[in-house]
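If you're wondering where the values come from, they're calculated on a predicted model, not measured in any experiment.
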Amino acid sequence: MQTTSPGYLTRQASIAVAGVDDLVIRALLDNNQFHDPLDEALNLGISSASWPLFGLLWPSGLRMAERMALRPVTGERILEIGCGLALSSLVAHRRGAQVTASDCHPLTHAFLDENTRLNGLPPITYRHGLWGTAKLRDDGLPMLPSSKETSISGEFDLIVGSDILYERDDAGALAHFIQTHAAPIAEVWVVDPNRGNRAAFHKHMALAGFAMSEQVLDLSASLDAPAYRGRMLTYSRN
């Protein structure tokens with residue numbers, strides 16, 4: 001456990017990803033951490049309850065990193081959206097892939113830089129990525145969707161995201177965001193821990209020209225990890 005200035009606790013652990021060497025990851029100590037004195041996160045629509053979620057390791061992120069470890073390294077451009085601690089981006093980066101990590105949390109970039117340093121890697125390209133809007137913050141004030149980070153630009157051959165279907169999205173904001181940044185011929189990977197919002201996402205991705213296939217990712221509990229239930233969703237557009 002480490003005290004991080006200013007205001008929150010972290011931990012550092014060696015994380016095993018099947019198919020590649022272990023990664024050293026600095027994460028928040030737990031989901032009780034919170035520090036947003038300048039309302040930077042709140043102004044981006046990130047409440048105090050959801051503030052620590054970026055800085056925790058999630059089972060879906062590990063499933064995505066395991067698949068990324070099997071991806072042949074080519075000249076394709078890869079974008080991870082809602083990256084959090086960016087485990088998949090770190091795996092791809094260490095293997096020599098051309099990857100960009102993105103998130104909307106104001107501390108994601110700093111954690112990513114520290115985790116690349118801990119693993120002896122050069123910095124990963126990072127971009128601000130926020131889909132959807134909110135008219136009001138939790139305290140009733142208007143949201144200010146701005147960031148100090150450079151926003152995503154260009155098109156990508158592979159877009160990946162783990163546990164990003166965490167809320168209803170009847171308007172298709174996430175699918176539109178993906179369509180904006182996907183190359184004409186592209187693949188999209190989404191790991192979903194059965195949150196119940198897949199149907200609407202499937203519909204909007206189909207409207208964007210993507211065909212979908214899915215793989216069940218149900219894993220039994222082991223000494224090292226709890227049981228996992230979810231789906232690997234693969235969308236392709238040719």
A.B. asks: Would you list the pairs meeting salt bridge (Lys or Arg N to Asp or Glu O under 4.0 Å) in which at least one residue belongs to residues 197-213, sequence neighbours left out?
C.D. replies: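 Qualifying pairs: Asp192-Arg198.
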
A.B. asks: Any salt bridge (Lys or Arg N to Asp or Glu O under 4.0 Å) involving residues 164-179? Give me the pairs, sequence neighbours left out, ordered by first then second residue.
C.D. replies: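 Checked against salt bridge (Lys or Arg N to Asp or Glu O under 4.0 Å) - neighbours excluded - the pairs reaching residues 164-179 are Arg168-Asp170.
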
A.B. asks: Considering all heavy atoms of both residues, which atom of Cys83 and which atom of Ala101 are nearest to each other, and what is their separation?
C.D. replies: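 Where Cys83 meets Ala101 most closely, the heavy atoms are SG-CB, 3.9 Å.
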
A.B. asks: Can you say whether the rings of Phe54 and His105 are parallel (under 30°), tilted (30 to 60°) or perpendicular (over 60°)?
C.D. replies: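 Geometry flag for His105 against Phe54: parallel rings.
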
A.B. asks: Should the ring pair Tyr235 and Phe210 be called parallel, tilted or perpendicular, given that the plane angle runs from 0 to 90° and is split at 30 and 60?
C.D. replies: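 If you compare the ring of Tyr235 with that of Phe210, the planes turn out perpendicular.
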
A.B. asks: Looking only at heavy atoms, what is the nearest atom pair of Leu23 and Leu87, with distance?
C.D. replies: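 Reported closest heavy-atom pair: CD1-CD1, 3.7 Å.
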
A.B. asks: Holding to side-chain hydrogen bond (donor to acceptor under 3.5 Å, both in side chains), I want the full list of residues that pass it with Asp30, two or more places apart in sequence or in another chain.
C.D. replies: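 For Asp30, the residues satisfying side-chain hydrogen bond (donor to acceptor under 3.5 Å, both in side chains) (neighbours in sequence not counted) are Gln33.
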
A.B. asks: Decide, yes or no, whether a salt bridge links Arg195 with Asp163 under the criterion of side-chain N to carboxylate O below 4.0 Å.
C.D. replies: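 So Arg195 pairs with Asp163 through a salt bridge.
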
A.B. asks: Quick one: list whatever passes side-chain hydrogen bond (donor to acceptor under 3.5 Å, both in side chains) with Tyr126, sequence neighbours left out.
C.D. replies: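 For Tyr126, no residue satisfies side-chain hydrogen bond (donor to acceptor under 3.5 Å, both in side chains) once neighbours in sequence are set aside.
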
A.B. asks: Are Arg231 and Glu214 within salt-bridge range, i.e. N to O under 4.0 Å?
C.D. replies: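 Yes, charged N to carboxylate O under 4.0 Å.
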
A.B. asks: By side-chain hydrogen bond (donor to acceptor under 3.5 Å, both in side chains), which residues pair with Glu76, not counting sequence neighbours?
C.D. replies: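 In terms of side-chain hydrogen bond (donor to acceptor under 3.5 Å, both in side chains), with neighbours along the sequence ignored, Glu76 is linked to Arg71.
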
A.B. asks: Which value, rounded to the nearest 0.5 Å, describes the distance between Glu114 atom CD and His109 atom NE2?
C.D. replies: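 Result: 12.5 Å between the selected atoms.
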
A.B. asks: Between Glu187 and Arg237 (salt bridge meaning N to carboxylate O under 4.0 Å), is one present in this structure?
C.D. replies: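 Answer for the salt bridge query: no.
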
A.B. asks: Under the side-chain hydrogen bond (donor to acceptor under 3.5 Å, both in side chains) test, which residues partner Asp103, sequence neighbours left out?
C.D. replies: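 Asp103: no side-chain hydrogen bond (donor to acceptor under 3.5 Å, both in side chains) contacts found.
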
A.B. asks: Considering all heavy atoms of both residues, which atom of Leu219 and which atom of Arg229 are nearest to each other, and what is their separation?
C.D. replies: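 Smallest interatomic distance, heavy atoms only, reads O-NH1, 2.9 Å.
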
A.B. asks: Between the side chain of Thr116 and the main-chain N/O of Leu112, is any donor-acceptor distance below 3.5 Å?
C.D. replies: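 The answer is yes, because a donor-acceptor pair under 3.5 Å joins these two groups.
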
A.B. asks: Trp131 vs Tyr166 aromatic rings, parallel, tilted or perpendicular, using cut-offs 30° and 60°?
C.D. replies: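 Correct class here is tilted.
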
